[in-house]
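Just so it is clear, the structure is predicted and the values come from calculations on it, not from any experiment.
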Amino acid sequence: VKGRLQFSTHGRGQVWLDDVRVAVQLRPQMIPPAKAKVYPVALAAATIAVDGLQEEWREAPRADVRAAYAVSQAEAIIMDKEDSKGSDDLSFSFAARHDSARLFLMIAVRDDVRKTVRPYWQGDSIQFALDTTFGRSKKGFGAGDYAIGVVLKGTGAKGVIERKPKTSSLTASHIEVACETSRSGYTVELAIPWRHLLKAPPKHNQRMGFSIIVNDNDGGGRKWAEWTPGIAREKRPAQYGTLLFLSQGNIGLCLDAPA
């Protein structure tokens with residue numbers, strides 16, 4: 001906080017400034033998760049049915065992502081690109097909840113054309129990453145990092161594990177996935193057991209790094225929309241956003257989230 005103190009004197013003399021106090025009124029602002037890059041993961045009030053429907057997520061905050069990027073990075077196998085035609089062509093929102101047994105994610109995607117190809121991330125699909133130790137590695141994946149994908153299959157979907165810690169017992173069969181499709185896009189709901197991710201469920205105010213992207217291909221090549229960098233262009237957990245886990249009826253504090 002910077003300010004300027006002005007005063008005047010009548011004629012020559014000496015002036016002492018003592019016990020000067022400045023009061024500043026704080027005006028907190030609500031920053032949406034898509035901009036803050038911190039998502040508050042509340043404790044689920046009841047068991048969430050993994051069915052691909054959004055009714056149970058009406059009270060959960062949504063992180064909306066509307067910007068899409070044309071592919072031009074070295075990891076692409078097909079070095080062509082396809083420009084986004086707007087939010088109906090590619091945009092998404094996500095929400096998260098947790099309980100003592102599982103982490104739940106819901107991803108609602110707007111995508112007017114469905115196309116799946118191989119490798120799966122070159123077509124319509126979802127990729128997300130978890131930095132479970134909040135190590136925020138700047139050079140590739142760290143010891144506690146997971147990279148997980150969701151592959152669309154017809155009107156359904158399945159989970160795939162691209163990367164996991166050496167000590168992890170998580171397999172694709174442990175990830176419960178459901179998908180509901182519509183003319184305007186699709187909704188994916190999934191659950192991952194804590195016992196295969198962590199030694200114990202997260203505590204109140206515990207943080208994890210998190211990033212998620214949705215890939216799209218309408219026939220002209222891959223493009224994606226991302227919550228944060230760290231997956232598509234390079235594997236860099238230091239660029240992930242933050243999942244802040246909350247217990248029921250509590251608020252959380254995160255002072256060093258990424259800008």
Side-chain angles (χ1 to χ4, degrees), residues 33 36-63 93-108 126-137 141-150 157-178 187-212 227-228 230-231 237-238 240-258:
K37 306 307 179 188
V38 178
Y39 187 93
V41 186
L43 187 67
T47 301
I48 296 177
V50 180
D51 52 16
L53 303 178
Q54 298 188 37
E55 281 76 7
E56 295 173 298
W57 297 91
R58 290 178 179 175
E59 302 300 322
R62 298 285 186 97
S93 65
F94 77 87
R97 284 284 188 262
H98 75 104
D99 62 17
S100 61
R102 297 184 291 179
L103 170 66
F104 299 92
L105 289 173
M106 187 280 299
I107 306 101
I126 298 170
Q127 293 173 274
F128 65 94
L130 290 165
D131 177 7
T132 60
T133 62
F134 207 62
R136 305 189 62 75
S137 170
F141 290 121
D145 297 340
Y146 290 82
I148 298 172
V150 177
K158 69 173 185 177
V160 296
I161 299 175
E162 298 179 6
R163 196 271 180 193
K164 67 178 183 179
K166 294 180 179 180
T167 58
S168 173
S169 61
L170 183 69
T171 66
S173 63
H174 294 134
I175 304 173
E176 186 178 0
V177 183
T187 299
V188 168
E189 202 173 8
L190 61 89
I192 306 176
W194 287 125
R195 69 179 183 273
H196 298 296
L197 280 175
L198 303 170
K199 294 181 179 179
K203 298 178 180 179
H204 175 65
N205 233 26
Q206 185 170 334
R207 294 171 296 173
M208 288 187 194
F210 178 74
S211 186
I212 183 169
W227 187 50
T228 69
I231 294 179
Y240 294 174
T242 301
L243 295 182
L244 182 63
F245 289 89
L246 309 176
S247 57
Q248 195 165 5
N250 286 300
I251 61 172
L253 180 63
C254 186
L255 298 178
D256 59 347

* What are the two closest heavy atoms between His204 and Ser247, and how far apart are they? -> ND1-N, 3.1 Å

* **Expected output: side-chain Ser211 to main-chain Thr228 donor-acceptor under 3.5 Å** => yes

* Expected output: side-chain Lys164 to main-chain Leu170 donor-acceptor under 3.5 Å -> yes

* To do: Flag the pair Trp57 / Glu189 as yes when at least one side-chain heavy-atom distance between them is below 4.5 Å, and no otherwise.
  => yes

* Asked: What heavy-atom pair brings Thr132 and Gly144 nearest, and what distance separates the two atoms?
  -> OG1-O, 2.6 Å

* Structure fact -> Phe94 meets the ring-ring contact (aromatic ring centres under 6.0 Å, His included) criterion, sequence neighbours left out, with Tyr39, Phe210, Trp227

* Please round to the nearest 0.5 Å and tell me the distance separating atom NE2 of His196 and atom CD1 of Ile175. => 10.0 Å

* **Arg163: partners by side chain to side chain contact (heavy atoms under 4.5 Å, CB included), with sequence neighbours left out** => Phe141, Asp145, Ala147, Pro165

* Test side chain to side chain donor-acceptor pair (under 3.5 Å) applied to Thr187 - qualifying residues, sequence neighbours left out -> Gln54

* Asked: Do Met208 and Leu198 touch side chain to side chain, with heavy atoms closer than 4.5 Å?
  -> yes

* Which atom names give the shortest non-hydrogen contact between Ala172 and Ile161, and what distance separates them? -> N-CD1, 3.5 Å

* To do: Please identify each residue that fulfils side chain to side chain donor-acceptor pair (under 3.5 Å) with Glu176, with sequence neighbours left out.
  => Arg102

* Asked: What's the verdict on side chain to side chain contact (heavy atoms under 4.5 Å, CB included) for Val41 and Phe104, showing C-alpha distance, side-chain angles and the deciding distance?
  -> CA-CA 9 Å; Val41 186; Phe104 299 92; over 6 Å; no

* Asked: Looking only at heavy atoms, what is the nearest atom pair of Ala238 and Arg136, with distance?
  -> O-NH2, 2.6 Å

* Structure fact -> Residues Gly209 and Tyr240: closest non-hydrogen pair is C-CD1, 3.9 Å

* To do: Taking side chain to side chain contact (heavy atoms under 4.5 Å, CB included) as the test, write out the residues that go with Thr133, two or more places apart.
  => Asp131

* Compare every heavy atom of Pro40 with every heavy atom of Arg97, then report the nearest pair and how far apart it is. => NH1-O, 4.3 Å

* If only atom types and distance count, is the side chain of His98 paired as donor or acceptor with the main-chain N or O of Leu246 below 3.5 Å? -> yes

* Roughly how far, to the nearest 0.5 Å, is CD1 of Ile231 from CD1 of Ile212? -> 7.5 Å

* Asked: Under 4.5 Å between any side-chain heavy atoms of Leu103 and Leu130, yes or no?
  -> yes

* Asked: Got Ile192 and Leu105 here, is their nearest side-chain heavy-atom distance under 4.5 Å?
  -> no

* Supply the atom-to-atom distance Ile48 CD1 to Glu55 CD, rounded to the nearest 0.5 angstrom. => 12.5 Å

* Look at atom CD of Glu59 and say whether more than 12 heavy atoms of other residues, nucleotides or ligands are closer to it than 6.0 Å. => no

* To do: Tell me, please, which residues at least two apart from Thr47 pass side chain to side chain donor-acceptor pair (under 3.5 Å).
  => none

* Asked: What's the spacing between Thr242 OG1 and Leu244 CG if we round to 0.5 Å?
  -> 8.0 Å

